[in-house]
Undergrad: 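Please read through the structure below; I'll follow up with questions.
Because the structure is a prediction, the values reported are computed rather than measured. Both counts, for ligands and for their atoms, begin at 1 and track the order of listing.
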Amino acid sequence: MLKIIIFILLSVYYASAINTFIGNNKRAEIFELTDNEIAVFNIFLPKTELVQLKRAAQYGNIQINTINTSFKTKNATLIVDIKGIEKVYDKVTFSLGGSSSRSFGKQGYNLKIRGKEDLFGRTHLRLRPDAREATYLRSKLVCDIHNRLGLPSISANFATLYINDEFMGFYVLLDAFKLSWVEHEYNEKDTTTLYQCKDLNNYLTVQTSSKGCTNENEEVTNHSEWIDFLTRLDAAQSAEEIEDFFDIDQFLKEIAFEYLSGSWDHYLNYAHNFYMYKPKNDKWKFLLYDFDGEFGQDIANGTQNQRNPSDDYPNYTFRQWARKRHLIDILIINNSTRFDNIVRNFVTEAFNPTVLFPHIDELKEFIRPYVVMDKTPNKNGKYPGRLNERSGDYSFAQWDANCEFTSIRSTQGAKAYGLKFWILAKYRFVCRTYNIECDPYYTDENYKYSIDENVEFKTKYYYPFYVSKTQTQSTTTATTESIISTTPPTEGIIPSSTVDSQLFENTNISFQTTTTTTIASQSTTTETMTITPSFEITVSQSTTLSEPTETSTSEIVTTTSDLIIPTSEALKPRYNCWLEYIGSEFSCCDSGNTDVYFYDGDGEWGFNFETQEWCGLSPYIDIVEDKECWSLKQGYSCCRGCKVQTKDEYGKWGIENNEWCGIQSYCSTITL
Ligand SMILES: *[C@@H]1O[C@H](CO)[C@@H](O)[C@H](O)[C@H]1NC(C)=O
Ligand SMILES: *[C@@H]1O[C@H](CO)[C@@H](O)[C@H](O)[C@H]1NC(C)=O
Ligand SMILES: *[C@@H]1O[C@H](CO)[C@@H](O)[C@H](O)[C@H]1NC(C)=O
Ligand SMILES: *[C@@H]1O[C@H](CO)[C@@H](O)[C@H](O)[C@H]1NC(C)=O
Ligand SMILES: *[C@@H]1O[C@H](CO)[C@@H](O)[C@H](O)[C@H]1NC(C)=O
Ligand SMILES: *[C@@H]1O[C@H](CO)[C@@H](O)[C@H](O)[C@H]1NC(C)=O
Ligand SMILES: *[C@@H]1O[C@H](CO)[C@@H](O)[C@H](O)[C@H]1NC(C)=O
Ligand SMILES: CC(=O)N[C@H]1CO[C@H](CO)[C@@H](O)[C@@H]1O
């Protein structure tokens, strides 16, 4: 009897210790069991299929066209070991999982337990390396925050994986929004109202999402309820009109989450990675998944159109952060009172250092030994589970530092804010701007934290670019425990679609050609002749260089005779590049440094690996600013750059500093 009582007391003690962060909210048993215990997943595949798996894992490698990069088998056996309890499943579907994350070294896997069985309340599970980010904590933390707030959510914990007894390393264990998830959570079998919006640009409008989102239930062919839902959202001008069929509070809580965590891979930016689900007799709910890019991870990589050199993401207001969406307009922009209160509550209840930092500390110590294991090579020098031979990885020192306040360079080449740094900086910003009563300990500017300078991302500005060999080497020497590979993580420097238009609208520029031409234009100013640019640019032969197009009716560059080949004396320009002209604090790139790493409204950017700074590449062409800025009449200033976003009866419009601006007439004269 006594024994039983002690046992009960102990389990009560453990149960409450387990749930201090999440509270009393229920999760599937698999996640409650793995709060203090790392699950061990053993997968067994037929030998021939293991070979296929390893070949398929070479996603993104040169052989991409010659191999099948999908892998899925129904012939897997699964043995799971949690706290010494072993569960065996012999009807298991096992596949390579993830989309863009497939290009990382360590692959992710999807598991489905078939038949009538489940693993402590789940049949569909994900094992994710979260290789994009260094901490292994981002997904876990996001799920825990959701569960703490009682929001409908997937959950996360951790597991190690063996395939045919080969150690594959340490993984984040997640469930997934599937019919089985709905059945477990809402007691509804084979729901017909669970839609996945996986493709980009799903704004929840008829135009974008009637086809862009797909029903999880393959049997469903009649989508009229879904389209009806979207139609009513489109038509709505206020919250009241949609309140009775759309769970607005739940939606706004997720939007608050997106804003606070700097989430660029969900609704407000890329507009994807979510589900919509309508429980029987309830309202449509908005369900997010895929959390490896949160808390300042790769932000610049995910916010393509809103970067400028002074980007300081934690200090973005909601309006600076959110892209234009009809739903956001009517629910927040029109009158933000309701949303602001939701943000305040979100911050007070979950998104604050007082609550999150101890949880991060606890999780970090819990996983530390497994992180060590994951970053220890075997006797052949191979790291566990890095099946894709191509990709970079994070060092142990980067893991350690990025869980704290140190920002590091991500495997994408962008910046990954220190987990705690992001939370602290965002917290301070919203405390100020939303008038929240915040913890003075953390809002105190004298609050001390340390930075590991050996792995710190030192570039002052946050543009993403792709790590070149030079860069990788310098990272490696700075990091003693580095296991970073030497190949660039992605091909393609900038999307060609952005290269061939935008700033130089009339020009056919190709950065792959080999013809090198140095050009200059004559200045009309009264000062000494201004010759630009001084550095070489590579243009394709078909450019309008010597024959300006008819549209370029410039006062300056009107005929071919205005283009002169500069003498070496003339190569001492007043302005080297466009950037310098617009008074940027960046310098122009040295001649010879012509690799384009990034492109935005200011033109092309290179990177100086010695100073670790961005530099300007787009040549300066002397211009005459419009005497009167035409868009002022419409209430907008004129653009500096020439990147056109849209046209209307007034003229061409660009976006700078998150505001519409009028494109000046000189843009049509810039033909290089
Ligand atoms: C590639 O593999 C997947 C999963 O194993 C399979 O479903 C698909 O048919 C294969 N495709 C080709 C072209 O062989
Ligand atoms: C996988 O299972 C299928 C169906 O049971 C079987 O036909 C196939 O031979 C198996 N593959 C291997 C490699 O064992
Ligand atoms: C589709 O479902 C709606 C109800 O949601 C129903 O009114 C309609 O008749 C159905 N259409 C077809 C073609 O079955
Ligand atoms: C806000 O919504 C109201 C009610 O639908 C509408 O009349 C008003 O024009 C909206 N205001 C703005 C600034 O969009
Ligand atoms: C904005 O919404 C709040 C409630 O969410 C309401 O009390 C307030 O009157 C609204 N403000 C305006 C200007 O409509
Ligand atoms: C945000 O703004 C504050 C106050 O102006 C400033 O101290 C801080 O450096 C800014 N940046 C970040 C990342 O917090
Ligand atoms: C741009 O150049 C490419 C390669 O020379 C050529 O194929 C293409 O037609 C050109 N496009 C325009 C718009 O001139
Ligand atoms: C993983 C990811 O989102 N990578 C993106 C970073 O930005 C480049 C350039 O826009 C994209 O091509 C990548 O897909």
Undergrad: Counting each atom of ligand 2 from 1 as listed, which ones have a heavy atom of P46 under 4.0 Å away?
TA: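 Result: 12 (C), 13 (C), 14 (O).
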Undergrad: Just to confirm my output: which protein heavy-atom neighbour is closest to atom 4 (C) of ligand 3, and how far is it?
TA: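 Sorting protein heavy atoms by distance from atom 4 (C) of ligand 3 puts S224 OG, 4.0 Å first.
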Undergrad: Should T48 be counted as touching ligand 2, given the test is an N or O pair under 3.5 Å?
TA: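 No.
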Undergrad: Which protein heavy atom lies closest to atom 2 (O) of ligand 5, and at what distance to 0.1 Å?
TA: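 Its nearest protein heavy-atom neighbour is N335 ND2, 2.2 Å.
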Undergrad: Using atom types as modelled and distance alone, determine if a side-chain donor or acceptor of N147 lies under 3.5 Å from a backbone N or O of I22.
TA: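 Flag not set: sc N147 to bb I22 has no pair under 3.5 Å.
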Undergrad: Using a 3.5 Å cut-off on N or O atoms only, is N222 in polar contact with ligand 3?
TA: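 In this structure, N222 places an N or O atom under 3.5 Å from an N or O of ligand 3.
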Undergrad: D234 side chain to V206 main-chain N or O, any donor-acceptor pair under 3.5 Å?
TA: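 Pair found, side chain donor or acceptor close to backbone of V206.
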Undergrad: Out of curiosity, I333 CD1 to L327 CG, how far, rounded to the nearest 0.5 Å?
TA: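 Rounded to the nearest 0.5 Å, the CD1-CG separation comes to 12.0 Å.
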Undergrad: Quick one: does atom 14 (O) of ligand 3 have a protein heavy atom under 4.0 Å from it?
TA: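 Yes, at least one protein heavy atom sits under 4.0 Å from atom 14 (O) of ligand 3.
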Undergrad: Per the salt bridge (charged side-chain N to carboxylate O under 4.0 Å, His left out) rule, which among K47, K382, K54 passes with E166?
TA: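 It is K54; the other options fail the test.
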Undergrad: Checking the side chain of D374 only, and the main-chain atoms of F170 only, is there a donor and an acceptor separated by less than 3.5 Å?
TA: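 Looks like yes, one N/O pair under 3.5 Å.
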Undergrad: Should the ring pair W181 and Y186 be called parallel, tilted or perpendicular, given that the plane angle runs from 0 to 90° and is split at 30 and 60?
TA: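 Judged by the thresholds at 30° and 60°, the geometry between W181 and Y186 is tilted.
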Undergrad: Output yes when a protein non-hydrogen atom is found under 4.0 Å of atom 9 (O) of ligand 2, and no otherwise.
TA: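 No; the ligand atom in question lacks any protein heavy-atom contact below 4.0 Å.
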Undergrad: Among all the protein's non-hydrogen atoms, which is closest to atom 5 (O) of ligand 2, and how far away is it?
TA: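 Scanning the protein heavy atoms, the shortest distance from atom 5 (O) of ligand 2 goes to N75 OD1, 4.2 Å.
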